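A quick write-up on the structure given underneath.
Because the structure is a prediction, the values reported are computed rather than measured.
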Amino acid sequence: MSETNLQVLLRRRPVGEPVPDDFQVVETAVPAPGEGQVLVRARFLSLDPYMRGRMSDAKSYSKPVEIGAVMEGMTVGEVVASNHADFAPGDTVMGGYGWQRFCAVDAARLRKVDLAEAPLSANLGVLGMPGLTAWFGLEDIGEPKAGETVVISAASGAVGQVAGQIAKARGARVIGIAGGAAKCAFVTDELGFDACLDHRGDLNAQLDAACPEGIDVYWENVGGHVQEAVFPRFRDFGRMVMCGMIAQYNQAPGADAAGAPPGPNLGPVVRKRLRIQGFIVSDKGWPRYPEFRAEMLGLMKSGQMVWKEDVVQGLQNAPAAFIGLLKGKNFGKLVIAID
């Protein structure tokens, strides 16, 4: 095979915000698939906030990326060689691994995708892990009901845009929170949220105006001052879906006690009978992927589910794009187009 395997490696563990020197771009030989494996040529790579945790060696729910190893991430692409009867060259698949052009993966990790249903890159966002995260978190924790008020932080992002539209399809009144006028306009004009609040302004005043009777469900992607503003406005029996806390991802190890902002007063959890629950989609979400995909394709066909992608060209640009993601510079689901 004439192409080389372009890869992005973890060069060192970041302290605080990642910087370009934490990564290393190299060219290596294309791997050969082993027994039961499939060689995939990646076309798109998903960049997601959880990857910041994989760069740290702090104890977590998943093993960190080793120094000198390929950065973790999901890709979609084409099969170029196969040692498994279920896959043949030319098949389009999701489930490829790593910030790299080629990967040899076990066939059990791959799913065939039909390009007649949606563009290939959509299988990394609205039909991929972010979409499944939104669906699973609302199905099992948020449980939005018709007439309830649902607030979605990072509403224009990969998970937020899907979560809000699912809540709308369930009949809820949906309020987004995003950064800047352009993102807020997208959330209301294209995603169809009932309102979107700019967290760079007076968020407390905006929440008072948009949610005069309080909040039933809050989708937490951010933490920080956004969570601080939302929490006192929960109604009785409110639910907080703890998906992410991107405002705190770049804190140095040990900062949870010394450097993190104080959390909300949890006294109202008892008085208001609130439900606050975190989740990891890999725990129970993927076995329900066919159910999720069927519903999402239906919403997409009916026009109730739209999505926005932020596509960056070139795998060598993945480190800079990822650093920007953690600062909120992306607009929509961030993917790398791999040439």
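Using modelled atom types, no side-chain atom of D106 and backbone atom of R109 make a donor-acceptor pair closer than 3.5 Å. Side chain of H199 to main chain of A154: no donor-acceptor pair is present (N/O by atom type, distance under 3.5 Å, no hydrogens or angles). Between the T188 side chain and the C184 main chain, a donor and an acceptor come within less than 3.5 Å of each other. Looking at Q161, its side chain does come within 3.5 Å of a backbone N or O of S156 through a donor-acceptor pair.
Between P119 and W307, the closest heavy-atom pair is CD-CZ2, 4.2 Å. In terms of heavy atoms, P319 sits closest to V8 at CG-CG1, 4.0 Å. Looking at every heavy atom in both residues, Q304 comes nearest to A169 through NE2-CB, 4.1 Å. Closest of all the heavy-atom pairs between V65 and M71 is CG1-CA, 4.4 Å. Nearest heavy-atom pair across G328 and K183 is O-NZ, 2.8 Å. Between G73 and Y50 the shortest heavy-atom distance is CA-OH, 4.0 Å.
To the nearest 0.5 Å, atoms CD1 (I175) and CD (Q206) are separated by 11.0 Å. Taken to the nearest 0.5 Å, the CD1 atom of I141 stands 4.0 Å off from the CD atom of Q277. The structure places CZ of R101 at 9.5 Å from CZ of R43, a figure rounded to the nearest 0.5 Å. For the atom pair CD1 (I152) and CD1 (I177), the distance works out to 9.5 Å, reported to the nearest 0.5 Å. Between the OG1 atom in T28 and the CZ atom in F102 there is a gap of 10.0 Å [rounded to 0.5 Å]. Within the model, atoms SG of C103 and CD of Q37 stand 9.5 Å from one another, a figure rounded to the nearest 0.5 Å.
Tracing side-chain contacts under 4.5 Å through hydrophobic residues (I, L, V, M, F, W, Y), one never reaches V105 starting from I338; they form parts of separate clusters. A continuous path of hydrophobic side-chain contacts links L299 to V174 [ILVMFWY only; heavy atoms under 4.5 Å]. Linking Ile, Leu, Val, Met, Phe, Trp and Tyr residues whenever their side-chain heavy atoms come within less than 4.5 Å leaves M74 and L110 in two separate clusters. L39 and F87 are members of different hydrophobic clusters when ILVMFWY side chains are connected at heavy-atom separations under 4.5 Å. Each of M240 and F237 belongs to its own hydrophobic cluster when Ile, Leu, Val, Met, Phe, Trp and Tyr are linked at side-chain heavy-atom distances under 4.5 angstrom.
Each of V80, V79, D86 was compared with S82 under the side chain to side chain contact (heavy atoms under 4.5 Å, CB included) criterion, and only V79 meets it.
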* Intermediate values then yes/no, side chain to side chain contact (heavy atoms under 4.5 Å, CB included), Q316 and L6 -> CA-CA 8 Å; Q316 69 277 8; L6 190 67; 4.3 Å; yes

* To do: Quick one: do V226 and L203 satisfy side chain to side chain contact (heavy atoms under 4.5 Å, CB included)? Show the steps, please.
  => CA-CA 8 Å; V226 175; L203 187 55; 4.1 Å; yes

* Take K63 and E72 through the test salt bridge (Lys or Arg N to Asp or Glu O under 4.0 Å) and record every step on the way to the result. => CA-CA 10 Å; K63 182 180 178 182; E72 178 175 328; over 6 Å; no

* Take D339 and L315 through the test side chain to side chain contact (heavy atoms under 4.5 Å, CB included) and record every step on the way to the result. => CA-CA 7 Å; D339 49 23; L315 184 60; 5.6 Å; no

* Start with the C-alpha distance between V222 and M245, add both sets of side-chain angles, then the distance that settles side chain to side chain contact (heavy atoms under 4.5 Å, CB included), and finish with yes or no. => CA-CA 4 Å; V222 176; M245 299 276 281; over 6 Å; no

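The stretch residues 186-199 participates, sequence neighbours left out, in these salt bridge (Lys or Arg N to Asp or Glu O under 4.0 Å) pairs: K168-D194.
Between E148 and R239 there is a salt bridge, with a side-chain nitrogen of the basic residue lying less than 4.0 Å from a carboxylate oxygen of the acidic one. With respect to the salt-bridge test (charged N to carboxylate O, under 4.0 angstrom), the residues R288 and D140 qualify. Between D236 and K272, none of the side-chain N atoms (NZ, or NE/NH1/NH2) sits under 4.0 Å from a carboxylate O, so this pair counts as no salt bridge. Salt-bridge formation is not detected for the pair K145/D216: no Lys NZ or Arg NE/NH1/NH2 atom is positioned less than 4.0 Å from an Asp or Glu carboxylate oxygen. With respect to the salt-bridge test (charged N to carboxylate O, under 4.0 angstrom), the residues E17 and K327 qualify. A salt bridge is absent between D22 and R11; no separation between the charged side-chain nitrogens and carboxylate oxygens falls under 4.0 Å. Salt bridge absent: R41 and E78 never bring a charged side-chain N and a carboxylate O closer than 4.0 Å. Between R170 and E295 there is a salt bridge, with a side-chain nitrogen of the basic residue lying less than 4.0 Å from a carboxylate oxygen of the acidic one.
No more than 12 heavy atoms of other residues, nucleotides or ligands sit less than 6.0 Å from atom CD of E228. Within 6.0 Å of the CZ atom in R54, the count of heavy atoms belonging to other residues, nucleotides or ligands exceeds 12. Residue K329 qualifies as open at atom NZ: its count of foreign heavy atoms under 6.0 Å is 12 or below.
T92 has its side chain out of reach of K112: every pair of non-hydrogen atoms, C-beta onward, lies at least 4.5 Å apart. In this structure the side chain of Q227 reaches within 4.5 angstrom of the side chain of M242, judged on heavy atoms. Side-chain atoms of V38 and N83, non-hydrogen and from C-beta on, never get closer than 4.5 Å to each other. Side-chain atoms of L197 and L207, non-hydrogen and from C-beta on, do get closer than 4.5 Å to each other. Contact check for T75 versus M94: no side-chain heavy atoms found under the 4.5 Å cut-off. No side-chain heavy atom of V306 sits less than 4.5 Å from a side-chain heavy atom of M300. No side-chain heavy atom of F279 sits under 4.5 Å from any side-chain heavy atom of K284. Counting heavy atoms from C-beta on, the side chains of E220 and S153 come closer than 4.5 Å.
Taking the six-membered ring where tryptophan is involved, the planes of F331 and F186 are perpendicular, since the angle between them exceeds 60° and thus also 30°.
Side chain to side chain, E309 and S121 meet the donor-acceptor criterion of an N or O pair below 3.5 Å.
Proximity of the aromatic rings of F231 and Y218 is defined here by a centroid distance below 6.0 angstrom, and this criterion is not met.
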